[in-house]
Amino acid sequence: MRKEVVVAAAAVTVGAAAVGVAVFLKHWEQQRERRLRQAKRLLRKFANDCATPVAKLWNIADDLASKMESGLSSEESILGMLVSYVAPLPTGEEKGIYYGINLRGTNFLMIRGSLGGKNLPISELQREEVAIPSTAMDGDSTKELFDLIAVELAKFISVHSEIDGKAESRERKLGFTVSFPVEEDARSSGTAIKWRSLSVNDIVGKELTNDINRALEKHGIDLRVFALANDTTGDLAGAIYYSKENVAAITLGMGTDVGYVESAEQVPKWHGQSPNSGEMIINMQWGNFSSSHLPFTEFDASLDAESSNPGSRMFEKLISGMYLGEIVRRVLLKMAQETALFGEWVPPKLATPYLLRSPDMAAMHQDTSEDFELVDEKLKEIFEINYSTQMARELVAEVCDVVAERGARLVGAGIVGIVKKLGRIANKKSVVTIEGGLYEHYRVFRNYLHNSVWEVLGNDHSDNVIIENCHGGSGAGSIFLAASQTYNAGS
Ligand code: ADP
Ligand code: MG
């Protein structure tokens with residue numbers, strides 16, 4: 001009897017505990033589902049805010065085209081629209097060995113390559129990167145920097161002079177391009193600011209060219225620089241070398257920039273001598289473009305407000321490699337805070353600005369494994385999120401998708417805007433080349449970009465715009481500038 005009572009009591013206790021556990025589990029399960037629904041709602045709202053239907057892309061393209069137009073007659077344009085090159089453009093006939101320097105924020109690239117005419121790719125390409133000590137970039141004096149370049153270039157040339165051969169060595173030419181750094185500290189240095197506004201009739205540009213040539217002479221190098229140009233201008237010169245249908249070159253890496261060919265008569269603000277070809281290269285800082293049609297979200301607003309340059313470079317903040325990962329991080333942080341996407345505790349590292357870089361974002365985005373192993377790996381590695389549910393990982397990949405798709409489609413709209421400004425949509429073939437890690441290495445981004453241009457132009461016109469990778473890779477534009485200057489100068 002007694003034993004039975006105990007057994008019965010025990011059974012009741014076990015039963016109660018089981019019920020308790022079941023209730024708890026049910027509650028937990030309900031809470032989990034509620035949070036998941038919340039997270040999905042947040043994602044849907046974000047995706048909606050980021051949406052770029054064709055009509056919107058057209059509005060953006062139209063807006064860019066008209067701001068380009070007005071920028072060509074105004075010195076005040078936010079797009080800059082600087083006349084960056086009026087020397088003869090390459091013809092594709094130039095042949096021989098050329099040298100180039102591509103000056104970047106923290107390093108410079110020395111390049112040597114052989115051009116064999118427009119039907120052959122650059123060959124015998126040699127590159128060497130040299131780090132620039134931070135002291136050389138500080139302040140206003142570029143003397144130390146140019147001395148360093150001259151010394152390194154002398155070494156680089158002597159290593160290759162045997163290959164160049166005697167006959168060639170007398171004809172060595174040098175092009176010089178500058179990449180505008182987007183990193184904060186480099187951007188705010190005196191030197192970088194000077195270079196940012198490089199234009200042909202600019203005294204600063206001429207002074208810098210003279211300084212470089214003095215350094216080359218001092219170090220016994222028989223090469224002279226004709227003019228400084230930004231790297232996008234160089235890329236465009238490279239593109240034109242291969243085909244006259246090349247109308248624009250875009251840099252799309254950490255930052256973004258555009259060079260395009262404009263006919264001189266379209267540039268009321270140009271008072272200099274008209275180039276023989278009737279054409280000039282305009283540098284458009286489209287990173288600065290802004291429009292009421294751009295799909296800004298709360299995350300873009302906070303990114304901008306907390307950036308070092310609030311209110312400026314708004315287009316760049318939507319499309320370039322420096323910012324894409326940061327936008328994703330901001331969305332994930334909100335999901336973690338409001339929907340416990342990664343558990344009760346918000347992972348502290350998720351609150352660190354710019355911790356997620358676009359290559360890692362691309363890796364997560366392009367993870368095709370069944371249970372998102374790569375996403376899991378990256379979350380651990382970058383944010384120390386040691387456990388994530390399958391659902392959470394899937395949402396992470398989707399956030400990356402929304403951000404990349406929006407950015408890529410906006411670039412597409414920008415391309416259409418340029419081609420429209422040039423009046424070439426309906427009746428002419430246009431090739432646009434793109435240089436930069438974001439375009440070259442982020443496959444899904446690239447696909448979205450191409451698709452958006454096709455979609456916007458539709459069946460009738462999409463064949464008229466061709467998008468290509470730039471020739472010879474980053475910095476190689478300097479070689480084409482060297483080639484065009486000298487050949488056309490009749491040497
Ligand atoms: P920049 O010359 O502007 O510094 P690059 O043209 O070398 O930049 O491209 C580097 C940038 O491209 C990186 O900052 C990054 O934003 C982006 N990038 C590079 N590789 C990848 C990748 N695999 N996926 C996505 N973005 C990438
Ligand atoms: Mg680059």
Side-chain angles (χ1 to χ4, degrees), residues 100-111 127 129-132 137 177-187 189 192 195-196 229-236 238 249-259 283 285-287 303 307 313 315-329 353-368 374-375 377-378 381-382 396-397 399-408 410-411 433-450 468-478:
I101 298 281
N102 176 215
L103 184 57
R104 292 123 169 235
T106 51
N107 62 59
F108 64 89
L109 189 67
M110 299 182 289
I111 312 181
R127 317 163 156 264
E129 196 176 293
V130 181
I132 301 173
M137 284 299 275
T177 57
V178 180
S179 304
F180 298 118
V182 286
E183 293 94 321
E184 285 171 34
D185 13 342
R187 179 182 278 189
S189 82
W195 286 332
R196 228 190 145 76
N230 61 47
D231 59 341
T232 323
T233 297
D235 292 341
L236 183 55
I250 298 172
T251 299
L252 197 56
M254 194 88 142
T256 186
D257 208 6
V258 174
N283 173 245
Q285 287 169 26
W286 81 347
L303 182 154
S307 71
R313 302 200 72 77
F315 195 51
E316 184 165 83
K317 284 171 182 159
L318 293 171
I319 67 172
S320 87
M322 168 131 168
Y323 301 102
L324 296 183
E326 172 62 5
I327 303 167
V328 171
R329 183 197 66 81
Y354 296 93
L355 206 55
L356 179 61
R357 295 159 49 254
S358 68
D360 292 320
M361 165 191 174
M364 296 198 290
H365 184 188
Q366 297 173 149
D367 182 0
T368 51
L374 247 173
V375 176
E377 209 173 282
K378 291 287 173 193
E381 180 189 310
I382 300 161
V396 170
V399 172
C400 296
D401 187 59
V402 171
V403 173
E405 181 176 17
R406 178 184 66 168
L410 292 176
V411 176
T433 58
I434 307 185
E435 186 278 325
L438 185 63
Y439 179 77
E440 279 156 45
H441 304 305
Y442 198 160
R443 180 177 40 81
V444 177
F445 185 95
R446 188 169 62 232
N447 292 344
Y448 275 136
L449 196 169
H450 292 176
E468 279 181 0
N469 231 319
C470 104
H471 299 268
S474 172
S478 54

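Just so you know, ligand 1 is whichever comes first in the structure, and atom 1 is the first atom listed for that ligand. In this text the structure is predicted, and so the values were computed from the model without any measurement. Atoms considered below: every heavy atom in the structure, side chains included; atoms not considered: hydrogens, waters and symmetry mates.
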inquiry  = Quick check on contacts: which atoms of ligand 1 are under 4.0 angstrom from a heavy atom of Y442?
reply    = 24 (N), 25 (C)
query = Going by the atom numbers of ligand 1, which of them fall below 4.0 Å from some non-hydrogen atom of S358?
reply = 15 (C), 16 (O), 17 (C), 18 (N), 24 (N), 25 (C), 26 (N), 27 (C)
query = So, is G436 polar-close to ligand 1, with some N/O to N/O distance under 3.5 Å?
reply = no
ask   = Going by heavy atoms in the side chains, are I434 and R446 under 4.5 Å from each other?
value = no
task = List in chain and number order the residues that pass side-chain contact (heavy atoms from CB on, under 4.5 Å) with E440, two or more places apart in sequence or in another chain; answer none if no residue qualifies.
result = E435, N469
task = Look only at interatomic distance and state if A362 has a nitrogen or oxygen under 3.5 Å from any nitrogen or oxygen of ligand 1.
result = no
message = For ligand 1 and L252, I'd like to know whether there is a polar contact (N/O to N/O, distance under 3.5 Å).
response = no
query = So between G321, G437, A404, whose heavy atom ends up nearest atom 6 (O) of ligand 1?
reply = G437
key: Sequence-distant partners of D367, salt bridge (charged side-chain N to carboxylate O under 4.0 Å, His left out), two or more places apart   = none
request  = Check the side chains of T256 and S320 for a donor-acceptor pair under 3.5 angstrom, ignoring hydrogens and angles.
outcome  = no
ask   = In terms of ring plane angle, is the pair Y323 and Y354 parallel, tilted or perpendicular, where the classes change at 30° and 60°?
value = perpendicular
remark   = Out of R443, M254, H441, the nearest non-hydrogen contact to atom 21 (C) of ligand 1 is supplied by H441
query = Under the salt bridge (Lys or Arg N to Asp or Glu O under 4.0 Å) criterion, do K317 and E326 qualify, and how do the steps go?
reply = CA-CA 10 Å; K317 284 171 182 159; E326 172 62 5; over 6 Å; no
